[in-house]
Each structure stands twice: as structure tokens, then as C-alpha cells.
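What follows is a short report on a single structure.
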Number of protein chains: 2
Amino acid sequence: MKKQTPTLRDIARETGVHVSTVSRALNPVTGTSITDDVVKRIKEAADRLGYRPNRLAVGLRTNRTMTVGLMIPDITNTIFPPILRGVESVLEPLGYAVIIVNTDSMAAREHQLVDVLRERGVDGIIHAAVLRDDPKIIEVVRGGTPVVTVNRRIEGEGIPSVVNDDALGVRLVLGHLYDEGHRRIAHVAGPANLSTGQFRRKAFKSAATEMGLKLPAKAIQQAKRFDEAEGRRCTEALLDSWNPTAILCANDRLALGALEVLEERGIECPGEISVTGFNDMPFLDRIRPGLTTVRIEQFGVGQESARLLVRMMTEPETTAPSETILPVRLIKRGSVAPPPAE
Amino acid sequence: MKKQTPTLRDIARETGVHVSTVSRALNPVTGTSITDDVVKRIKEAADRLGYRPNRLAVGLRTNRTMTVGLMIPDITNTIFPPILRGVESVLEPLGYAVIIVNTDSMAAREHQLVDVLRERGVDGIIHAAVLRDDPKIIEVVRGGTPVVTVNRRIEGEGIPSVVNDDALGVRLVLGHLYDEGHRRIAHVAGPANLSTGQFRRKAFKSAATEMGLKLPAKAIQQAKRFDEAEGRRCTEALLDSWNPTAILCANDRLALGALEVLEERGIECPGEISVTGFNDMPFLDRIRPGLTTVRIEQFGVGQESARLLVRMMTEPETTAPSETILPVRLIKRGSVAPPPAE
DNA sequence: TTGTATGCGTTATCAT
DNA sequence: ATGATAACGCATACAA
């Protein structure tokens with residue numbers, strides 16, 4: 001009942017040649033040195049039997065598994081599925097399979113999952129959940145495994161990264177708010193242990209300073225996580241200690257939390273306070289008010305990181321670009337309007 | 001620079017015993033027949049060297065890869081990420097890795113991806129993208145690979161499935177609409193080639209008939225895909241040929257398409273026409289009007305299917321329940337109200 | 001309790 | 001151009 005999957009041996013028996021001949025015939029590179037007729041017979045037998053190479057055996061022998069690991073914080077966060085599709089779109093046609101792991105942004109889990117990937121001999125890792133201080137992944141890199149970080153980066157280790165143009169994005173929203181007349185602009189910053197959080201905060205400070213905005217310490221509230229609850233907490237702290245006319249949030253989820261607080265307190269958005277996000281998650285156009293935000297190329301980021309990794313895996317001698325920056329766009333929706341007259 | 005990952009041989013050399021002894025010592029089952037002291041020395045050496053078993057080698061030898069395939073239509077569809085997390089939550093602690101593939105609901109792609117999974121020797125497959133007629137997967141099952149289908153099912157093949165209580169869900173919304181006073185209730189049905197589409201349509205018809213509702217042929221419009229565009233198309237067809245006071249959609253995305261059409265045509269929802277969905281995707285509570293829908297246990301479905309698959313993989317002799325039905329709940333939001341007085 | 005030998009399916013190195 | 005053989009890392013039947 002349970003039919004065994006055919007192996008090279010089965011084809012060899014069928015065609016009356018040796019296993020190694022079959023192996024060569026089926027490999028496009030070595031197949032050239034085999035008589036055309038024999039190759040034809042072998043290939044014919046191969047698909048008659050429905051032969052599929054056993055990747056485990058290949059991997060064990062060649063030390064290449066054609067598998068890559070994708071580490072993300074949490075696939076239920078809507079910005080990651082498109083990244084995965086982008087990654088797959090380049091990897092799958094090349095014959096790579098992807099093993100996905102969710103770290104939940106916890107260092108301990110991440111370390112454990114790195115080992116899971118290593119046990120499986122992944123040829124490379126796309127890391128979209130890297131922490132700013134991440135000794136484990138540095139160890140992996142030093143061990144010779146190609147790694148590229150996505151969205152975030154580790155400084156000073158020369159690990160290639162594919163990121164969005166955070167600085168530009170912050171400037172775009174900030175400029176937009178300024179143009180609308182805002183002068184007291186607050187920032188709900190992302191977590192300090194993530195490079196995106198830190199980068200956007202820095203970009204905010206320098207751009208705001210350039211524009212000549214006043215920036216009291218209270219103008220920047222630091223979230224501990226990129227989620228709605230922290231967005232709420234920071235917004236409440238903000239409203240209780242300052243009187244901004246606009247809140248620039250480090251990502252959309254923080255902004256959603258901000259909107260909730262404003263609504264609860266009966267503060268009109270955008271009438272009294274404008275709010276902006278970052279990432280352009282799905283559905284932001286359907287909520288009310290639509291959230292003005294920065295669109296990042298999620299699918300593109302996935303593609304780029306995969307292309308980069310493939311290059312690192314297949315041409316280890318060439319040096320990969322240490323930083324690939326993808327463009328971003330400002331998406332204007334309903335959550336920004338001129339500040340109320342004072 | 002590139003340090004080799006340690007193998008059993010390295011540990012054997014370190015401890016002065018034979019490889020097979022190391023193998024046994026590290027295996028909890030066979031480890032009992034090894035002197036405690038030796039076991040201790042071996043384990044100590046193992047983690048001093050940072051030993052991790054090579055899963056490829058293990059898999060090749062034991063014919064168990066501790067890998068399962070998860071086939072879904074598209075991870076960017078928001079109902080699937082929670083399912084994945086549910087699956088992982090049971091599989092990962094047991095040492096399984098998950099390979100995810102997106103079929104985009106295309107038969108050709110699905111067939112190809114099934115082969116990808118087979119090449120990798122997955123121990124089982126969780127199939128959330130199965131088509132009603134799916135010879136390829138039936139072949140896999142006959143070949144002896146454990147498969148469970150999720151959300152959908154194949155009839156008559158005895159492939160265990162984990163599904164939501166579609167019939168109950170339809171009854172709940174339909175009953176709710178009825179109670180609110182609706183009598184001309186239309187249905188935007190899902191694709192005929194998916195079991196969920198067919199099931200919900202059947203449930204709609206029988207429940208509507210029981211309630212004594214009139215059901216002209218035009219009351220049911222059949223979508224070709226579960227997406228917003230098809231929701232729009234069907235809703236337009238509906239409005240052009242009938243005058244329903246409520247539209248019960250086979251899933252949320254169809255309902256979102258319906259809402260768009262109503263808004264474009266200046267028809268009030270829920271004032272003039274009520275709309276309902278199915279699945280309870282994220283964000284439905286933030287749009288306007290909030291969509292009344294049926295909540296399915298996405299995470300739970302993932303968990304159950306994984307548990308079921310584990311059982312099939314590890315206890316092939318026991319017969320698995322052919323159908324596991326998970327409960328659903330009606331979620332009332334703003335998109336349903338009594339019909340306008342006539 | 002431990003060592004020896006073999007094989008999982010494949011590729012690569014030697015022969016022929 | 002093809003065959004024979006070893007080896008990848010591990011588990012296991014068999015010996016001792």
C-alpha cells in the first residue's frame with residue numbers, strides 16, 4: 001500500500017546503468033559528459049517513476065540544504081506577510097524552501113530559534129527581528145552563515161541590511177505637518193532596543209531642530225514596544241504633560257493607540273490634534289480618520305533581502321553591499337489638518 | 001575562521017568513547033543503558049562544544065525529518081497568520097519545524113508545492129488551501145503521508161479535517177438578521193470549488209427555507225474568489241436585479257467589497273441595507289460601520305490541526321477523528337439594523 | 001554496558 | 001563515457 005519514493009537506485013535498475021551515471025545524467029552540469037541516448041533513457045525513466053531527489057541526502061552530501069531561515073517578530077503583525085511573499089517570490093523559483101520562525105522579539109526565544117535553524121542546516125538567514133544588541137546572530141555570522149537583516153540593522157558588524165529610508169520618511173511627515181502649520185509636534189518613539197525605533201527618533205530630532213521647532217523633553221515619549229497599548233500609554237503621558245498640535249508616531253500601531261486615546265478624551269482628530277503613523281499597514285484607509293503615514297515597500301524589502309542573501313550564499317567571494325535602502329512615500333489621508341487657531 | 005559544527009565524532013574523540021555510545025548517551029531512550037558517569041561526561045562535552053544534532057542526517061537515517069508542511073492560499077490574507085501561530089504553538093515545542101507555502105489557490109502551483117514538500121520529506125502536511133477536487137493531495141495521502149485539512153475539506157476521502165462550524169455561523173447571522181426584521185436577505189456566496197463556499201451556501205439555503213424566507217434565484221450571487229473585487233461584483237449584480245434589505249456575505253472580504261459598493265451608490269448601511277461577514281478579520285471593529293460577523297477560532301484551528309497531525313504522525317495505528325468542528329460566535333457590530341419601514 | 005558494522009540517498013573522486 | 005567506491009552524520013542491529 002505504502003509505495004516507497006523512488007531513488008536513484010530504482011532508476012539505475014530500470015535503465016541498467018550505475019547509480020552514479022544516473023546521478024550525473026540528472027544533473028545539468030555533469031550531464032553533458034553522458035551519452036545523449038543514455039541521458040534520454042534515464043530522464044524518461046525518472047519521470048515515469050516520478051523521481052524526486054531526496055533533499056536530505058543531497059544536503060548531507062553537499063552541505064547545501066537549499067533552505068533559508070526567516071526570522072520575524074510575529075507573522076500576525078501585518079507588515080510581515082508581504083515581506084514573506086517578497087522573499088518567497090525570489091527564493092522559491094530558485095529551489096529554496098523557507099522555514100519561518102516567530103521570535104516575539106524575545107532574546108531568549110530568538111537564540112533558541114537560531115539553533116533550530118542551524119540544526120536544519122539552513123544555507124542562510126533573513127533576519128527581520130534582530131535586536132540592536134544581538135550577540136547570538138553575530139556568532140552565527142562569524143561561523144560563516146550568510147545573514148541579512150531586514151528593516152532593522154546591527155551596527156558595526158558589517159552584516160548587510162535592507163532597510164527603508166527611515167530618515168526620509170520622518171522628514172516627509174514632519175515636513176507635511178510643518179507645512180500644514182504645526183509647530184508643537186510631539187513624537188511617540190519606538191523601542192530603544194530596535195534600530196528602527198532609534199533611527200526614527202534621531203531623524204525626528206535632527207529634522208525638527210533644523211526646522212527650528214521647540215523640542216522640550218516631554219515632546220518625545222518612548223514606547224517599550226511597537227504596539228497599540230504603548231501608543232496609548234505614550235499619548236496619555238504626552239497629553240498630560242504638554243499641548244502638542246500634532247503627534248508623529250514611529251509606526252502605525254502606536255498611531256492607532258494614539259487615535260484611541262484622542263477619541264476617548266473627546267479630542268478631535270484631525271480638528272484639534274493631527275496624528276501620523278509609519279509603515280502603511282493594510283486597512284488604514286478604511287478606518288476613520290484615515291491615517292496619514294509613510295508607505296514602505298514591504299514586498300520589495302522581502303525581495304531585495306532575498307536577492308542579497310542568494311548572492312551571499314552563491315558568491316561568497318564577492319562583498320555584498322552593507323546597506324540597501326529602499327524608498328518610501330508619504331501617504332496623505334484624513335488624520336492631518338492645520339492646527340486650530342490659537 | 002569558519003568553524004565546523006561539531007558532530008558526534010568530535011564528542012567521541014573528546015570523551016574517548018565510540019560514536020555509537022555518544023549517540024546512545026544523547027538519546028533519552030537509549031541513554032538509560034549507558035553508565036551514568038559516561039553519560040555525564042558525554043553530555044558535558046556535548047554542550048561544551050555546542051553540539052547540535054544534524055537533522056538532515058537524522059532524517060535520512062530515521063526517515064523522520066521532524067518537519068511539517070503548511071499549505072495556505074496566501075499568508076497576506078489576515079486569517080492565516082493566526083492559524084500559523086496556532087500550528088507553531090504546538091509543533092515547535094515538540095521539535096518540529098514548519099515549511100510554509102502559498103498556493104494562491106491555484107491548482108498548478110499547489111501540485112508543484114506538494115512536490116517541494118515531498119522532496120524535503122515532510123512528516124506530514126497541514127493543508128489550509130485544499131480544493132474540493134484535489135487529486136494531487138489524495139495521491140499524497142495514499143502514499144502514506146499524514147495530511148489534515150484546515151477550514152476546508154475534501155469529501156469522501158476520509159482525510160481528517162479541522163473546520164469551523166460554518167452551518168452554525170450562518171444560522172447565527174441569519175437568525176440575527178431575521179430577528180431584526182429582515183425578510184429579503186441576499187447571499188454573496190463563496191467560490192464553488194472551495195468547501196467553505198459550498199457549505200455556507202447550503203447552510204444559507206436550508207436555514208432560509210426553514211425560516212420561510214423567499215429565495216428567488218437572484219438572491220444568491222456566486223463569487224469566483226473570496227476577495228473584495230468579487231464582493232463588489234456580486235453586490236452590484238444583486239442590487240441591479242433585486243431589492244434585498246440585508247446581504248449575508250460568505251466572508252469578510254466579500255462583505256468589505258459590498259460595503260464599498262453601497263457607499264459608492266449612496267446607500268446607507270445599516271440604515272437601508274444591512275451587511276454581514278464571516279471570519280472576523282482584524283480591524284473590522286475599527287472600520288465604519290463596524291462589520292457584524294462570525295468569529296472563528298483561527299489560532300484554535302491551527303492548534304487543533306497540529307495536534308491532530310502529530311497524533312497521525314506518531315500513532316499511525318490509531319484512527320484519527322475524521323472531522324473536528326470548532327465553535328463560532330456571532331459578533332454584533334454596526335452593520336446590522338432593522339430594515340427601513342416600507 | 002559498549003564497540004563494530006551497515007545503510008539511509010546522494011555526490012564526488014578514482015578508476016577503467 | 002561509465003562504473004566502483006567512499007563519505008556526509010547519524011541510528012541501530014548485532015557482537016562482544
Side-chain angles (χ1 to χ4, degrees), chain A residues 2-43 45-46 49-67 95 118-123, chain B residues 2-43 45-46 49-67 95 118-123:
Chain A
K2 181 168 188 168
K3 63 182 163 196
Q4 192 69 15
T5 47
T7 72
L8 290 182
R9 275 182 58 183
D10 299 316
I11 302 178
R13 196 181 324 109
E14 286 278 316
T15 53
V17 298
H18 195 268
V19 192
S20 56
T21 308
V22 179
S23 172
R24 281 187 280 249
L26 261 25
N27 183 323
V29 181
T30 54
T32 56
S33 60
I34 305 277
T35 317
D36 285 0
D37 177 53
V38 177
V39 172
K40 221 181 69 184
R41 273 171 43 221
I42 290 177
K43 287 196 171 166
L49 297 179
Y51 172 77
R52 308 256 76 199
N54 180 327
R55 296 276 194 169
L56 292 190
V58 175
L60 186 59
R61 182 61 233 245
T62 63
N63 214 21
R64 294 194 61 208
T65 56
M66 296 301 281
T67 306
R118 290 212 297 177
E119 281 182 9
R120 304 199 113 90
V122 293
D123 295 335
Chain B
K2 182 170 188 167
K3 63 183 161 194
Q4 193 67 15
T5 46
T7 71
L8 290 184
R9 275 181 58 182
D10 299 316
I11 301 178
R13 195 182 325 110
E14 285 278 317
T15 53
V17 298
H18 195 270
V19 191
S20 60
T21 308
V22 179
S23 171
R24 282 186 278 249
L26 261 25
N27 182 322
V29 181
T30 53
T32 55
S33 60
I34 305 278
T35 317
D36 287 358
D37 178 54
V38 177
V39 172
K40 221 181 70 186
R41 272 171 43 221
I42 291 177
K43 287 197 169 164
L49 297 178
Y51 172 77
R52 308 256 78 198
N54 180 328
R55 296 277 193 169
L56 293 190
V58 174
L60 188 58
R61 179 64 232 248
T62 62
N63 215 19
R64 294 194 61 207
T65 56
M66 296 301 281
T67 306
R118 289 211 298 178
E119 281 183 10
R120 294 187 117 114
V122 293
D123 295 336

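Here is how names work: the chains are called A, B, and so on, in the same order as the sequence lines, proteins then strands, and each is numbered from 1. As a basis for the values below, the full set of heavy atoms in this structure was taken, side chains included, without hydrogen atoms, waters or symmetry mates.
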- Decide yes or no on side chain to side chain donor-acceptor pair (under 3.5 Å) for Thr67(A) and Arg120(B), but give the supporting numbers first. CA-CA 10 Å; Thr67(A) 306; Arg120(B) 294 187 117 114; 3.1 Å; yes
Select one nucleotide: of [options], the one nearest the side-chain heavy atoms of [X].
X        : options                  : answer
Arg9(B)  : dG9(C), dC8(D), dG3(D)   : dC8(D)
Tyr51(B) : dG3(C), dT10(C), dC10(D) : dC10(D)
Val19(A) : dG9(D), dT2(C), dT10(C)  : dT10(C)
Ser20(A) : dC8(C), dA12(C), dG3(C)  : dA12(C)
Ser33(A) : dA1(D), dT10(C), dG3(D)  : dA1(D)

- Give a yes or no on whether a salt bridge exists between Lys40(B) and Asp37(B), defined as a side-chain N under 4.0 angstrom from a carboxylate O. no
Starting at [atom1] of [X] and ending at [atom2] of [N], how long is that distance when rounded to a whole Å?
X        : N       : atom1 : atom2 : answer
Ile34(B) : dT12(D) : CD1   : C1'   : 13 Å
Arg64(B) : dT12(D) : CZ    : P     : 11 Å
Leu60(A) : dA6(D)  : CG    : P     : 17 Å
Arg41(B) : dT1(C)  : CZ    : P     : 15 Å
Leu8(B)  : dC10(D) : CG    : C1'   : 6 Å
Arg55(A) : dG9(D)  : CZ    : C1'   : 20 Å
Met66(B) : dG9(D)  : CE    : C1'   : 18 Å
Asp10(A) : dC8(C)  : CG    : P     : 11 Å

- Query: Atom CD1 in Ile42(B), atom OG1 in Thr15(B): separation rounded to 0.5 Å?
  - Reply: 5.0 Å
- Task: Calculate, to the nearest 0.5 Å, the distance between atoms NE2 and CZ belonging to His18(B) and Arg13(B) respectively.
- Result: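 Going from NE2 on His18(B) over to CZ on Arg13(B), the span is 13.0 Å.
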Under 4.0 Å between any heavy atoms, over every strand shown, what does [X] touch: base, sugar-phosphate, or nothing? Just pick one.
X        : result
Ser23(A) : base
Val38(A) : sugar-phosphate
Thr35(B) : sugar-phosphate

- Assign each of Ala57(A) and Asp36(B) to its nearest nucleotide of DNA chain C by heavy atoms, then name whichever residue's nucleotide is nearer the 5' end. Asp36(B)
- Starting at the 5' end of DNA chain C and moving along, which residue's nearest nucleotide shows up first, His18(B) or Val58(A)?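 Per heavy-atom nearest nucleotide, the more 5' residue is His18(B).
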- Query: Would you say Thr7(B) and Asn54(B) make side-chain contact, with heavy atoms under 4.5 Å?
  - Reply: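 No - every pair of side-chain heavy atoms lies 4.5 Å or more apart.
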- Return yes if the base of dG3(C) and the side-chain atoms of Arg24(B) contain a donor-acceptor N/O pair under 3.5 Å, otherwise no. yes
